[in-house]
Chemist: 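Quick one: the structure is below, and I'll ask about it shortly.
Reminder, nothing fancy here: chain letters follow the sequence lines and each chain counts from 1.
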Amino acid sequence: MAKKDLRTYRGMRDFLPGQMRRRDYVFSVLREVFEAHGFEKIETPAIELWEVLSGKYGEEEKLIYRFKDRKGREVGLRYDLTVPLARFVAQHRSELVFPFKRYQMERVWRADRPQKGRFREFYQCDVDIVGTSSLLADAEIVFIIYHALRRLGFEKFLIRINNRKLIAALHRRLGEGDEFSLARAMDKFDKIGAQGVREELLSRGFSPRAAELVLKSMGLSSLEQARSFFGDEEGVKELEELFSYIRAMGIPGDFYSYDPTLARGLDYYTGPIFETVVEEPKIGSITGGGRYDGLIGSFAGMDIPATGTSLGVERIIAVMEELDMFPSEIPPPAHVLIAHFPDTKEEALKLASRLLASGIRVDVYSGDKGLRAQLGYAADKGIPLVAIVGEEIKKGEVSLKDLKSGNQQRMGVDSLEKYIKGLYYSDFK
RNA sequence: GUGAGCGUAGCUCAAUGGUAGAGCAUUGGACUGUGGAUCCAAGGGUUGGGGGUUCAAAUCCCCUCGCUCACCCCA
């Protein structure tokens with residue numbers, strides 16, 4: 001028989017128990033933060049009809065996994081969670097409470113070429129507020145990005161903020177070229193610098209005079225300068241209002257800033273846009289989002305404004321791995337292993353049942369090897385305590401071994417229960 | 001889509017044109033009440049695949065597939 005190819009499909013991965021525990025930790029922190037802000041969780045299908053997905057992503061549409069089902073219907077795997085949300089809101093708008101604040105943590109798929117921190121199947125966490133054009137909503141999105149990253153232990157990051165309307169205004173003032181082409185060139189500033197952007201613009205057919213004006217706009221380092229450059233533009237007024245809300249929320253000034261070079265790649269953004277970057281390690285942005293007032297309306301046939309962000313959990317996890325940011329006290333798979341001998345199996349099960357009933361996380365050794373192997377099993381799995389159920393059980397006692405210290409003591413079943421609860425279950429009195 | 005680097009046992013890697021090996025993992029034993037152990041033994045390979053050069057190829061050349069990284073773009 002031919003040997004099987006022991007590989008996962010390109011850009012897709014398995015998660016081992018140890019990784020999974022760290023991933024779940026990140027998801028649970030995010031979940032807590034979202035729910036603390038009054039957001040509710042929803043889910044949508046992995047597969048959407050092609051007509052839902054098509055025409056929403058511009059150039060990136062070619063990265064959608066697209067295929068025909070058995071009856072020849074055109075479908076695709078969702079590329080992000082925003083377009084499915086738009087479909088969801090249009091479909092269920094009579095059942096939702098607006099402004100609708102929802103979060104979602106699900107897989108998306110992109111037929112991209114994988115590289116560091118980038119996969120073909122990955123999780124995204126999206127938080128969005130649908131049904132209001134108030135900038136309070138945009139401010140809350142920025143607030144939640146800040147909270148989430150702080151709660152995960154990030155001490156240094158920058159939420160870059162700009163407004164698509166200012167790029168449009170700049171484009172109007174140039175009076176030449178394509179707005180999207182302009183945005184692309186500006187967005188590269190971080191990587192290629194001012195001179196690089198100038199060359200990029202010229203090669204995209206912009207005149208030297210236009211390039212000068214663009215470079216000048218990218219040199220704006222504050223909203224005050226933006227106001228004197230753009231005048232009383234709507235985009236400037238929006239950012240001023242947004243920043244006043246952000247200040248009111250108490251986010252320290254070094255975590256966010258106006259950034260005229262931020263453009264964002266996707267077609268559907270219409271107002272304020274945000275993106276978070278970390279300096280170390282170099283991994284690109286870890287969140288990205290903005291206001292997209294036209295998208296849902298394109299499904300609903302009526303104007304439904306919306307704003308939100310995607311948190312790049314995969315990159316967030318990658319950064320946390322690289323910087324060793326996970327707390328050491330991520331819970332072990334169980335707090336106690338019940339070890340046993342051939343003639344104490346029933347007693348072991350009774351003990352396990354009792355501990356489980358009192359809320360303790362218990363692993364009963366489910367093999368048939370000796371005590372040596374059972375201790376090794378607990379050590380390998382990171383279980384801190386081993387309750388050895390041997391002859392002493394006849395007197396109602398077990399031997400409890402602490403694997404970290406190596407200490408062992410005999411105790412009655414009652415005190416065992418109290419001991420473990422006192423150690424690991426802080427709300428126990 | 002473009003470019004570069006790399007493909008040897010399940011994993012990490014040796015073997016510089018001359019007999020394909022080690023560690024870890026797996027299985028059995030020493031060993032039926034005390035932990036990531038030690039010792040012994042075993043299994044495991046068309047050296048990614050195909051072609052070429054050579055007396056001789058894991059090693060050199062060509063093609064192909066795969067992986068990684070970077071670019072494009074993006075989380």
Side-chain angles (χ1 to χ4, degrees), chain A residues 2-14 16 26 57-64 79-82 105-126 145 180 183-185 187-188 190-192 196 200 263-267 274-278 282-289 309-319 337 339-345 348 365 367-393 398-410:
Chain A
K3 209 164 157 183
K4 293 266 186 347
D5 227 341
L6 293 177
R7 288 186 286 122
T8 49
Y9 176 66
R10 178 167 213 186
M12 305 202 171
R13 34 288 197 250
D14 293 323
L16 274 59
V26 172
Y57 301 106
E59 275 295 293
E60 293 186 43
E61 180 166 315
K62 62 179 194 290
L63 298 180
I64 300 175
Y79 177 87
D80 65 8
L81 300 175
T82 306
M105 310 199 279
E106 294 193 78
R107 288 177 212 236
V108 301
W109 293 267
R110 297 183 185 181
D112 210 349
R113 200 137 151 190
Q115 54 183 278
K116 190 170 184 174
R118 179 190 221 173
F119 309 94
R120 287 184 167 181
E121 176 180 61
F122 61 99
Y123 277 82
Q124 268 193 339
C125 285
D126 275 30
I145 292 169
F180 214 70
R184 282 273 157 76
D187 209 30
K188 287 189 186 172
D190 273 355
K191 254 178 193 158
I192 60 181
E200 181 84 19
R264 304 285 306 149
L266 293 173
D267 277 353
F274 347 101
E275 187 170 293
T276 307
V277 289
V278 287
K282 292 247 174 295
I283 200 167
S285 54
I286 56 174
T287 82
T309 190
S310 179
L311 287 104
V313 262
E314 304 295 352
R315 288 185 181 177
I316 288 172
I317 291 167
V319 171
L337 177 78
H340 48 78
F341 301 97
D343 55 346
T344 60
K345 288 177 184 161
Y365 180 71
D368 54 7
K369 293 198 172 168
L371 185 59
R372 178 187 296 275
Q374 299 186 47
L375 288 165
Y377 169 89
D380 282 344
K381 237 177 133 174
I383 301 171
L385 299 173
V386 179
I388 302 165
V389 181
E391 286 173 351
E392 59 269 45
I393 196 67
V398 297
S399 299
L400 184 68
K401 178 150 188 162
D402 180 326
L403 289 191
K404 206 163 183 185
S405 65
N407 295 336
Q408 181 170 325
Q409 51 182 316
R410 273 170 77 143

Chemist: Say we look at C65(B) and A25(B): how far apart would their P atoms be, to the nearest angstrom?
Modeler: 38 Å
Chemist: Which atoms form the tightest heavy-atom contact between R120(A) and M12(A), and what is the distance?
Modeler: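 Between these two residues, the closest heavy atoms are CB-CE, 4.3 Å.
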Chemist: Can you tell me how far C1' of G1(B) sits from CD of E61(A), to the nearest Å?
Modeler: 17 Å
Chemist: Under 4.0 Å between any heavy atoms, over every strand shown, what does K188(A) touch: base, sugar-phosphate, or nothing? Just pick one.
Modeler: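 Contact class for K188(A): sugar-phosphate only.
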Chemist: P atom, C24(B) versus A20(B): distance in rounded Å?
Modeler: 24 Å
Chemist: Looking at every heavy atom in both L337(A) and Y365(A), which two are closest together, and how far apart are they?
Modeler: CD1-N, 3.8 Å
Chemist: Indicate whether OP1 or OP2 belonging to A70(B) is found under 4.0 Å from a side-chain N or O atom of Q115(A).
Modeler: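 So the side chain of Q115(A) is within the cut-off, an N or O lying under 4.0 Å from OP1 or OP2 of A70(B).
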Chemist: Within the structure, does a side-chain N or O atom of K191(A) lie under 4.0 Å from either OP1 or OP2 of C71(B)?
Modeler: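 For C71(B), OP1/OP2 do have a side-chain N/O of K191(A) under 4.0 Å.
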Chemist: Rounded to whole Å, please give me the gap between CD1 in I192(A) and P in A70(B).
Modeler: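 So the CD1-P distance, I192(A) to A70(B), works out to 18 Å.
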Chemist: Tell me whether the side-chain N or O atoms of Q374(A) pair up with the base of U34(B) as donor and acceptor below 3.5 Å, since no angle test is needed here.
Modeler: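 It does not, because no donor-acceptor pair links the side chain of Q374(A) to the base of U34(B) below 3.5 Å.
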Chemist: What residue among V108(A), T287(A), D126(A) forms side chain to side chain contact (heavy atoms under 4.5 Å, CB included) with S310(A)?
Modeler: D126(A)
Chemist: Please name the pair of heavy atoms, one in A263(A) and one in D187(A), separated by the smallest distance, quoted to 0.1 Å.
Modeler: N-OD1, 3.2 Å
Chemist: Over how many whole Å does the gap from D190(A) atom CG to C71(B) atom P extend?
Modeler: 13 Å
Chemist: Take atom CG of L337(A) and atom C1' of G33(B), then tell me their distance rounded to the nearest Å.
Modeler: 14 Å
Chemist: Round to a whole Å and report the spacing from NZ of K369(A) to C1' of U26(B).
Modeler: 10 Å
Chemist: Counting side-chain heavy atoms from CB outward, which of U68(B), A75(B), G33(B) is closest to R10(A)?
Modeler: U68(B)
Chemist: Heavy atoms under 4.0 Å, any strand shown: does K401(A) hit a base, just sugar-phosphate, or nothing?
Modeler: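 The residue K401(A) makes base contact.
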Chemist: Using a cut-off of strictly less than 4.0 Å, decide whether R372(A) has a side-chain nitrogen or oxygen near OP1 or OP2 of G33(B).
Modeler: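 Looking at the OP1 and OP2 atoms of G33(B), neither is under 4.0 Å from any side-chain N or O of R372(A).
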Chemist: Check the distance between C11(B)'s C1' and L16(A)'s CG and give it to me in whole angstrom.
Modeler: 12 Å
Chemist: With both distances under 3.5 angstrom, what nucleotide forms a Watson-Crick or G-U wobble pair with A30(B)?
Modeler: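 Across any shown strand, A30(B) pairs with U38(B).
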Chemist: Mind checking the CD-CZ spacing from Q115(A) to R118(A)? Nearest 0.5 Å is all I need.
Modeler: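 Interatomic distance, Q115(A) CD to R118(A) CZ, rounded to 0.5 Å: 4.5 Å.
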Chemist: Taking the nucleotide of RNA chain B with the closest heavy atom to each, which residue, G117(A) or R113(A), is nearer the 5' end?
Modeler: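 Mapping each residue to its closest nucleotide by heavy atoms, the 5'-most match is R113(A).
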Chemist: Rounded to the nearest 0.5 Å, how far apart are CD1 of I388(A) and OG1 of T344(A)?
Modeler: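 Interatomic distance, I388(A) CD1 to T344(A) OG1, rounded to 0.5 Å: 10.5 Å.
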Chemist: Mind checking G390(A) for me? I need base, sugar-phosphate or nothing, with any heavy atom below 4.0 Å counting as a touch.
Modeler: base
Chemist: Do R13(A) and E314(A) meet the salt-bridge criterion of a basic N to acidic O distance under 4.0 Å?
Modeler: yes
Chemist: Under 4.0 Å, heavy atoms only, any strand: does I388(A) hit a base, just the sugar-phosphate, or nothing?
Modeler: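 Since a base atom lies under 4.0 Å of I388(A), the category is base.
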Chemist: Please report the distance, rounded to the nearest Å, between CG in D187(A) and P in C74(B).
Modeler: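 My rounded result for the distance is 7 Å.
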Chemist: Of all the nucleotides listed (G36(B), C72(B), C69(B)), which has the minimum atom distance to the side chain of K116(A)?
Modeler: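 It is C69(B).
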Chemist: Expressed as a whole number of Å, how far does the C1' atom of C61(B) sit from that of U19(B)?
Modeler: 26 Å
Chemist: Got more than 12 heavy atoms from elsewhere within 6.0 Å of CD, Q408(A)?
Modeler: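 Enclosed: over 12 neighbouring heavy atoms sit under 6.0 Å from CD of Q408(A).
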Chemist: If pairing requires Watson-Crick or G-U wobble contacts with both distances under 3.5 Å, which nucleotide is the partner of U2(B)?
Modeler: A70(B)
Chemist: Can you check the distance between C11(B) and U46(B), where both ends of the measurement are the P atom (answer in whole Å)?
Modeler: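 Taking atom P in both C11(B) and U46(B), they lie 13 Å apart.
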Chemist: Tell me which of K404(A) and E314(A) sits closer to the 5' end of RNA chain B, going by the nucleotide each one is nearest to.
Modeler: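 Between the two, 5'-proximity favours K404(A).
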Chemist: Scan every strand shown for a Watson-Crick or G-U wobble partner of G21(B), both distances under 3.5 Å, and answer none if you come up empty.
Modeler: C13(B)
Chemist: Tell me the partner of U54(B), counting only Watson-Crick (N1-N3 plus N6-O4 or O6-N4) or G-U wobble (N1-O2 and O6-N3) with both under 3.5 Å; none if nothing fits.
Modeler: none
Chemist: Taking pairing as Watson-Crick or G-U wobble with both contacts under 3.5 Å, can you name the mate of G44(B), or confirm there isn't one?
Modeler: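 By the stated definition (distances under 3.5 Å), nothing pairs with G44(B).
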Chemist: With a 3.5 Å cut-off and just heavy-atom distances, do the side chain of Q408(A) and the base of G35(B) make a donor-acceptor pair?
Modeler: no
Chemist: Whole Å only: how far is the CZ atom of R118(A) from the C1' atom of C67(B)?
Modeler: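 Taking atom C1' of C67(B) as the reference, CZ of R118(A) is at 16 Å.
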Chemist: What's F119(A) touching, base or sugar-phosphate or nothing? Going by heavy atoms closer than 4.0 Å.
Modeler: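 Counting heavy atoms under 4.0 Å across all strands, the contact made by F119(A) includes a base.
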Chemist: Pick the P atom in C73(B) and in G5(B), then give their distance to the nearest Å.
Modeler: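 Looking at atom P only, C73(B) and G5(B) are 24 Å apart.
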Chemist: For the side chain of R184(A), counting heavy atoms from C-beta on, which of U68(B), C74(B), G35(B) is nearest?
Modeler: C74(B)
Chemist: Across the strands shown, which category fits E392(A) at heavy-atom distances under 4.0 angstrom: base, sugar-phosphate, nothing?
Modeler: base
Chemist: Please determine, for the side chain of R110(A), which listed nucleotide (U68(B), C73(B), C74(B)) has the closest atom?
Modeler: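 Among the listed nucleotides, the one closest to the side chain of R110(A) is C74(B).
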